[in-house]
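In what follows, a single structure is set out as C-alpha cells and then discussed.
Below, chains carry the letters A, B, ... as their sequence lines are ordered, and counting in each starts from 1. Computed from a predicted model, the values in this text were never measured in an experiment.
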Amino acid sequence: MRMSKLFFQTLREVPVDAEIASHQLMLRAGLVLPIAAGIFDYLPLGQRVKAKIEEIMRAEMNAIEGQEVTLPVVHPAELWQQTGRWQAIGDDMARLKDRHNRDYCLAMTHEEIMTDLARAVVSSYRQLPFMLYQIQTKFRDEPRPRGGMIRVREFTMKDAYSFDRDFAGLDAFYPRIYQAYFNIFRRCGLEVIAVESDTGMMGGTMAHEFMALTEVGEDTLLLCDACGYSANRQIAEFRKPQPEAAAPRPREEVHTPAVNTIAALSAFLGIPEAETAKAVFLMAEVQDEESGKPREQFVFAVVRGDMELNETKLTNALKARRLRPATVPEIQAIGAEAGFGSPIGIDRSRVVLVVDDLIAVSPNLVAGANKPDYHFRNVNYGRDYTADIVTDIVAAGEGHACPHCGGALRAVRGVEVGNIFKLGTKYSAAMGATYYDEEGAAKPIVMGSYGIGTGRLIASAIERHHDDMGIQGPITIAPYTVLLVSLATERTPEVTQVADRLYVELTQAGVEVLYDDRNERAGVKFNDADLLGIPIRLTLGAKGLAAGVAEVKLRRNGETGELPLTSLARDVQAMIDAEIDRILVTVTNETLASSDTSETSS
RNA sequence: CGGGGAGUAGCGCAGUCCGGCAGCGCACAGCGUUUGGGACGCUGGGGUCGGAGGUUCAAAUCCUCUCUCCCCGACCA
C-alpha cells in the first residue's frame with residue numbers, strides 16, 4: 001500500500017479525552033475513531049489489525065474442529081423469552097420493535113440463537129459433539145463505557161459454542177478450548193493468565209476468564225505464586241484466620257457517641273478491627289418462591305470489621321438477580337440503625353440475615369446496638385442471634401492466605417480479554433434442544449460457550465507493547481509487517497525510482513509492505529513510523545542508495561542494521577520469519593505450562 | 001443513577017469572571033526556499049461558539065431548560 005493513497009490520519013497531539021495509553025495510541029495512529037460513547041469506526045489500519053486477529057482466531061478454532069457460522073445481530077424477543085433472559089436482563093439489552101410492533105433485541109451474546117440453531121438441526125446422538133463459532137457484532141448498552149476500547153458498547157466478538165451428549169464430553173472439550181485460547185492470545189503477542197470466575201448471567205457450572213495483566217484493568221485478581229491458584233476477586237476464596245477460642249462473656253452495652261464507622265469504633269475502644277462485626281444493609285432483587293415474580297428483599301449482611309463484603313458471593317448465596325444499597329428509611333423500617341447496625345433486635349420477619357462463616361466462630365465481638373451512639377460488647381453468634389444463611393461472603397485481598405496451600409495471595413489488575421463457560425443444560429433444557437440417545441430417550445444437549453472480544457484484545461496488546469513514541473505491535477497483528485520509507489527529494493529522483501522498484505519487489509515476494517512515498521520530511525515519516533508501530537522499517541535515502549543498502553530498524557527494540565538492495569526481499573522475508581518464530585516459540589512454552597492449571601469438573 | 005470536568009474551525013486551545021469586530025497554534029490550499037527525526041517565509045480558505053428559549057440596543061459571554069463527551073463511583077454477560 002502506498003501511504004500517499006492510504007486513508008488515514010495521525011495525530012500529533014494527544015487527544016485530551018483519552019487517558020490510557022492504548023486509547024491515546026489507537027486514536028493517534030488513526031486505527032479507530034469514536035462516533036459515540038463506546039462506539040467506534042475502524043479505519044483501514046485498524047481494520048487490518050482486526051482482520052489479522054480474526055484470522056488467528058479462525059485458525060485456532062478450526063484446529064479444534066470448530067465450524068464457522070454467522071448468526072444475526074437482530075434477535076426476535078421470543079427466543080430470549082424462552083430462556084427467561086428477556087426479563088432477567090435489564091437496560092444492558094438494547095430493544096427495538098419492527099413495523100408490526102413485534103419485539104426484538106440487539107445481540108448481547110448468542111446462546112439463545114445458537115441453541116435455537118442446534119435444536120433445529122440435531123435429533124440424534126450421532127450428530128454430537130460439535131462446535132460452532134462466529135465472529136460477529138455484539139451490542140451491550142453499558143452504563144458507562146470507559147478506557148477507549150477496553151469497555152465499549154458495540155464490539156466484535158469471536159464466540160464459540162460446544163454441543164455435547166453429556167458432561168463427560170463437555171469436560172473433555174473444555175481443556176481443548178482452554179488451550180486454544182492460550183494459543184490465540186500468545187499468537188497475538190499478549191500474555192494472559194486464566195482465572196476462575198463467576199458464571200454471572202451466563203449461568204453454568206464453571207467458568208474461567210483470560211486476563212491480560214495491566215494497571216488499567218477493571219478486574220482485581222488474586223494469585224498464589226506458591227501453588228498457582230488464581231481467581232477473580234469476585235469469587236476468590238481464602239483461608240480465613242482461626243479466631244482464638246474464648247468463653248462467651250456477658251453482653252454489655254457501651255456508649256460510643258458519634259462512633260459510626262469501624263475505624264472510629266476500633267480507635268474509640270482500643271481494639272483491633274478484627275474484633276468488631278460490620279453490618280451492611282442491602283436490597284436484593286430475588287424471585288418470589290410462590291409467585292415466581294421478582295420482588296425486593298431486605299438483606300442484612302454481617303462481616304468481620306477488618307474484612308470487606310464481596311457482593312458477588314452474597315448475590316450467589318442469595319440466588320439474587322442484583323443488589324443495591326438500602327436507603328436510610330428502608331434500614332429504619334426493619335428496626336436497624338445506620339452506623340450502629342446490629343443483627344440483634346431487628347424485625348427478622350422482614351430481613352434475610354446473612355452472616356460470614358468467620359463471624360459465626362468468632363467470640364465476643366463488638367457490634368452495633370441498633371440505637372444511635374451505642375454498641376454491644378461480647379456479641380456471640382448462636383447465643384445472641386442466629387442467621388438465615390452462614391457462608392463465605394467476604395472478599396479476598398492482598399496478603400490473605402491461599403485456599404489451597406496457605407501461601408500469601410497477591411492482588412493484581414487485569415483486563416478480561418476472553419472467557420469460557422461450562423453452561424451445561426441451562427439453555428438446551430429451557431429451549432428444548434434435545435437429542436435422542438442410543439435408547440431412544442430424549443436428552444438435553446450439554447453446552448459450553450466461549451468468547452473473545454477483538455477490540456479489547458487489540459487495546460490490551462497495545463497496552464503491553466508501546467513506548468513514548470507509539471505502538472510496538474507484535475508482528476502477527478501489525479497492520480503491515482514492513483514499512484518502506486523513501487527519503488527521496490526533488491534532487492534525488494533516483495531514490496524514488498529504486499524505492500518504487502523495491503516496493504514492487506517486496507510486494508511480489510508476498511511481503512505486506514506499507515510504502516511511505518509521501519512528500520514529507522524525514523522527521524514526519526519517522527515519527528509516523530514509530531507511532532504506527534510497523535515491526536520492520538526499511539529506509540532508503542540517497543546515501544544508502546549510493547552504498548547499495550537500505551537501513552533496517554526493528555520497532556520493538558530499535559535495533560538497526562543495513563541490508564544490501566540486491567537481496568532485499570529474501571533478507572526481509574527471513575527477518576519476518578524470525579520475528580514470527582519468536583512469538584510462536586513462546587506459544588509452545590506457555591501452552592504446556594498453562595495446560596497444567598486447567599481444571600475440569602468430573 | 002451519584003460526584004467532578006468539558007463542549008468555540010479537522011485537531012489542541014484562549015476568549016466567558018467584567019456583554020461590544022470570534023481569535024491563536026497545528027492541520028489544509030497556493031507560491032517560493034528547504035529536505036535522514038514533527039522546516040521556514042508570504043498569501044489564502046475554513047465557524048449556525050453543542051441545541052432551544054429568555055434578558056438586553058447588543059450574548060460565545062448573563063439566566064432557564066436540554067443534549068453530548070470524558071474521568072471517579074454504582075453497574076459490568
Side-chain angles (χ1 to χ4, degrees), chain A residues 9-20 23-24 27-28 30 33-39 80 83 85 88-93 105-112 138-148 150-153 155 157 159 197-204 207 209 216-219 232 234 282 285 311-312 315 321-325 327 415-416 418-421 423 426-427 449-451 453 456 469-470 485-492 495-496 516 518-531 537 539-545 550-551 553 558 560:
Chain A
Q9 64 170 349
T10 53
L11 306 179
R12 292 189 178 187
E13 285 159 306
V14 177
V16 68
D17 280 346
E19 296 264 322
I20 67 173
H23 189 198
Q24 292 175 357
L27 294 174
R28 285 190 59 210
L33 194 67
I35 69 161
I39 304 179
W80 286 77
T83 61
R85 291 209 291 183
I89 295 173
D91 291 338
D92 277 10
M93 177 184 279
C105 64
L106 297 184
M108 303 178 67
T109 175
H110 281 81
E111 280 76 16
E112 279 78 359
K138 315 289 185 215
F139 187 86
R140 298 177 183 179
D141 196 1
E142 295 287 343
R144 185 157 89 81
R146 73 179 87 191
I150 298 290
R151 177 164 290 274
V152 295
R153 295 195 293 170
F155 58 101
M157 177 182 259
D159 46 328
S197 66
D198 187 43
T199 53
M201 85 169 199
M202 287 299 186
E209 291 168 340
V216 305
E218 298 185 290
D219 291 88
N232 193 307
Q234 291 180 325
L282 298 153
E285 190 177 321
E311 293 196 11
T312 303
T315 302
R321 269 167 54 180
R322 59 179 70 94
L323 294 175
R324 65 169 176 85
T327 62
V415 172
E416 179 189 345
N419 52 31
I420 58 179
F421 295 86
L423 297 175
K426 174 180 171 176
Y427 295 90
S449 96
Y450 319 97
R456 202 178 260 192
M469 296 302 291
V485 178
S486 163
L487 295 182
T489 68
E490 284 178 10
R491 290 200 307 247
T492 57
V495 174
T496 301
D516 194 346
R518 295 176 300 168
N519 181 25
E520 291 285 356
R521 299 173 68 83
V524 172
K525 293 187 176 189
F526 290 146
N527 279 298
D528 276 346
D530 290 344
L531 179 56
R537 189 183 89 189
T539 306
L540 186 69
K543 278 179 276 182
L545 178 56
E551 181 196 86
K553 182 172 180 179
T560 61

Please give, in whole Å, the distance from [N] [atom2] to [X] [atom1]?
X	N	atom1	atom2	answer
A/Asp17	B/C69	CG	P	11 Å
A/Arg537	B/G37	CZ	P	10 Å
A/Arg518	B/G38	CZ	P	14 Å
A/Asp141	B/C1	CG	P	12 Å
A/Asn519	B/U34	CG	C1'	11 Å
A/Met93	B/C76	CE	P	15 Å
A/Arg153	B/C76	CZ	P	18 Å
A/Leu323	B/C1	CG	C1'	17 Å

Any donor and acceptor pair, going by atom type alone, linking the side chain of [X] with main-chain N or O of [Y] inside 3.5 Å?
X	Y	value
A/Arg456	A/Glu416	yes
A/Thr315	A/Glu311	yes
A/Arg153	A/Ala37	yes

- Item | Heavy-atom check, side chain of A/Glu520 versus side chain of A/Asp528, under 4.5 Å | no
- Side chains of A/Met469 and A/Phe526: closer than 4.5 Å at any heavy-atom pair? no
Please state the [atom1] separation for the pair [N] and [M] - nearest whole angstrom.
N	M	atom1	result
B/G32	B/C17	P	47 Å
B/C67	B/A22	C1'	24 Å
B/G41	B/A9	P	25 Å
B/G12	B/U55	C1'	34 Å
B/C62	B/C57	C1'	16 Å
B/G19	B/G25	P	28 Å

Just call it for [X]: base, sugar-phosphate, or nothing, with non-hydrogen atoms closer than 4.0 Å on any strand.
X	answer
A/Glu19	sugar-phosphate
A/Glu311	sugar-phosphate
A/Arg491	sugar-phosphate
A/Phe155	base
A/Asp530	base

- Task: Consider the side chain of A/Ala37, meaning its heavy atoms from C-beta on, and name the nucleotide among B/C70, B/G38, B/C75 that approaches it most closely.
- Result: B/C70
- Message: Measuring from the side chain of A/Glu142 (C-beta onward, heavy atoms only), which nucleotide among B/C69, B/G38, B/C76 has the closest atom?
- Response: B/C76
- Is a donor-acceptor pair below 3.5 Å formed from side chain A/Arg144 to base B/G3, judging by atom type as modelled? no
- Side chains of A/Asn232 and A/Glu209: donor-acceptor distance under 3.5 Å anywhere? yes
- Query: What is the per-nucleotide protein-contact pattern of nucleotides 39-49 of chain B, from the 5' end, where B denotes a base atom under 4.0 Å from a protein heavy atom, S denotes such proximity for sugar-phosphate atoms only, and - denotes neither?
  - Reply: B----------
Using Watson-Crick or G-U wobble geometry with both distances under 3.5 Å, which nucleotide pairs with [N]?
N	result
B/A14	none
B/G32	B/C40
B/G73	B/C1

- Item | Toward the 5' end of RNA chain B, by each residue's nearest nucleotide, A/Asp219 or A/Gly148 | A/Gly148
- Query: Of A/Met469 and A/Val16, whose closest RNA chain B nucleotide lies nearer the 5' terminus?
  - Reply: A/Val16
